[in-house]
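Below: the structure, in structure tokens.
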Amino acid sequence: MEKLSPAELRALYRQAAHTGPTAGVARGFVQANMMIVPREYAFEFLLFCQRNPKPCPLVEVLEPGQFEPSCAAGADLRSDIPGYRIYEQGSLVKEVSDISSYWRDDLVSFLLGCSFSFESALMEAGIRLRHVDQQRNVAMYKTNIPCTPAGRFQGNMVVSMRPIKSSEIASAVEISGRFPQVHGAPVHIGHPQAIGIQDLAKPDFGDAVEIMADELPVFWACGVTPQYIAELSRIPFCITHAPGKMFVTDLRM
């Protein structure tokens, strides 16, 4: 999978031939989280992203009703992601592999940079990533880190966690910090209870991974944050990517 081009990957996802997480694929290309809201909520969500660039770094905003992004010519946001989530009144009602039947002309799509994008740079520097090695989804947690509210969008940040050897943390911070468009440097290192995480073995999204004696948990802002915000804000309707299942763009890192 990691040797396929972004277009080849999107074709597989469109056919529902692969529905797993996108960690480790299309190395060197930007992966994106997705949030789709009715036009009525689009300005408020745009403002939320601008006020919270760490969890919501904007890659592209599409016109209402548009589903082919400029960052991936010929792509279709309604089908070219391994999994989608449908939310109504803040509650998850369904997870599907295609959202064409839910599409409306008033829907506005937002693509937000994903930390999967800089993982190839970490691995090229010799930093092992356990969720990639084990072909699992990255572990993601709700936190007590507040986001700056915008209109009806308000709540706390979600973070992704990667165990990193203590001797490699400085390098991981420096490398990921080069890529602010895909969350950049970590927001917290060690001491998960300080950001409201009580049990690393029980992630809110994704899969738990073991933390070895010579490692610390390192936390990056996560693009699943809008899903949590949608829950807390009880948005009447929105569509998101399923956690860990990103839109693979043609943009190079």
Side-chain angles (χ1 to χ4, degrees), residues 30-73 75-81 83-94 96 99-115 117 140 142-160 179-184 187 205 220-243 245-247 249-251:
V30 172
Q31 295 194 33
N33 304 275
M34 186 178 70
M35 178 74 162
I36 300 175
V37 299
R39 177 166 34 195
E40 175 189 355
Y41 294 86
F43 174 75
E44 290 176 30
F45 186 68
L46 177 62
L47 192 60
F48 181 84
C49 293
Q50 290 179 326
R51 290 177 176 174
N52 298 278
K54 285 293 279 186
C56 301
L58 284 169
V59 172
E60 184 174 345
V61 183
L62 281 68
E63 296 284 347
Q66 183 180 346
F67 47 79
E68 180 183 347
S70 61
C71 64
D76 189 332
L77 292 180
R78 303 173 300 176
S79 59
D80 294 0
I81 294 177
Y84 303 83
R85 285 186 162 186
I86 312 296
Y87 287 86
E88 294 179 359
Q89 304 298 331
S91 297
L92 173 63
V93 297
K94 188 171 288 189
V96 297
I99 57 169
S100 298
S101 62
Y102 295 90
W103 195 253
R104 304 179 341 209
D105 289 340
D106 70 324
L107 293 179
V108 179
S109 299
F110 293 79
L111 295 176
L112 313 170
C114 171
S115 58
S117 309
M140 293 162 273
K142 299 173 181 178
T143 74
N144 60 14
I145 303 172
C147 293
T148 302
R152 290 162 281 195
F153 293 92
Q154 52 188 307
N156 294 342
M157 186 185 298
V158 173
V159 295
S160 60
F179 306 106
Q181 73 274 31
V182 290
H183 302 305
V187 295
F205 311 94
W220 279 266
C222 180
V224 171
T225 297
Q227 299 186 30
Y228 187 29
I229 297 299
E231 291 179 25
L232 296 174
S233 305
R234 301 194 63 79
I235 303 304
F237 179 79
C238 69
I239 302 172
T240 75
H241 69 290
K245 301 178 180 182
M246 307 298 161
F247 179 73
T249 79
D250 292 334
L251 301 175

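Only a predicted model underlies this, so the values are computations on that prediction, with no experimental measurement involved.
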For [Y], is there any backbone N or O sitting under 3.5 Å from a side-chain donor or acceptor partner on [X]?
X	Y	answer
Asp76	Glu68	no
Arg234	Gln89	yes
Asp106	Pro38	no
Gln227	Ala242	no
Thr249	Ala72	no
His183	Gly113	yes
Ser160	Met140	no

- Evaluate the criterion side-chain contact (heavy atoms from CB on, under 4.5 Å) for residue pair Leu107 and Tyr102; output intermediate values, then yes/no. CA-CA 10 Å; Leu107 293 179; Tyr102 295 90; 5.9 Å; no
- Message: Ring-plane angle category for Phe67 and Trp103, please: parallel below 30°, perpendicular beyond 60°, tilted otherwise.
- Response: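 The rings of Phe67 and Trp103 stand perpendicular, inter-plane angle above 60°.
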Mind checking whether [X] and [Y] have side chains closer than 4.5 Å, heavy atoms only?
X	Y	value
Asn156	Pro146	yes
Leu111	Cys71	yes
Ser233	Gln154	yes
Phe45	Cys238	no
Leu62	Leu77	yes
Phe237	Ile86	yes
Pro53	Pro180	no
Thr225	Asn52	no

- Verify side-chain contact (heavy atoms from CB on, under 4.5 Å) between Phe205 and Lys142, making sure each step is shown before the conclusion. CA-CA 9 Å; Phe205 311 94; Lys142 299 173 181 178; 4.0 Å; yes
- Task: Establish, yes or no, whether the cationic atom of Arg51 lies under 6.0 Å from the six-membered ring centre of Phe153 and within 45° of the ring axis.
- Result: no
- Item | Lys245 and Arg85: CA distance, side-chain angles, deciding distance, side-chain contact (heavy atoms from CB on, under 4.5 Å) verdict | CA-CA 10 Å; Lys245 301 178 180 182; Arg85 285 186 162 186; over 6 Å; no
From [atom1] ([X]) to [atom2] ([Y]), nearest 0.5 Å:
X	Y	atom1	atom2	value
Gln31	Ile81	CD	CD1	10.5 Å
Lys94	Ile99	NZ	CD1	13.0 Å
Ser109	Met34	OG	CE	6.0 Å
Ile36	Tyr84	CD1	OH	7.5 Å
Cys147	Leu232	SG	CG	9.5 Å
Ser117	Gln181	OG	CD	8.0 Å

Can you name the nearest heavy-atom pair linking [X] to [Y], along with the distance?
X	Y	result
Arg39	Val108	CA-CG2, 3.9 Å
Leu112	Cys49	CD2-SG, 3.9 Å
Ile145	Thr143	N-OG1, 3.0 Å

- Query: Are Tyr87 and Thr240 close enough, and set up right, to give a side-chain contact (heavy atoms from CB on, under 4.5 Å), and what steps lead you there?
  - Reply: CA-CA 8 Å; Tyr87 287 86; Thr240 75; 3.7 Å; yes
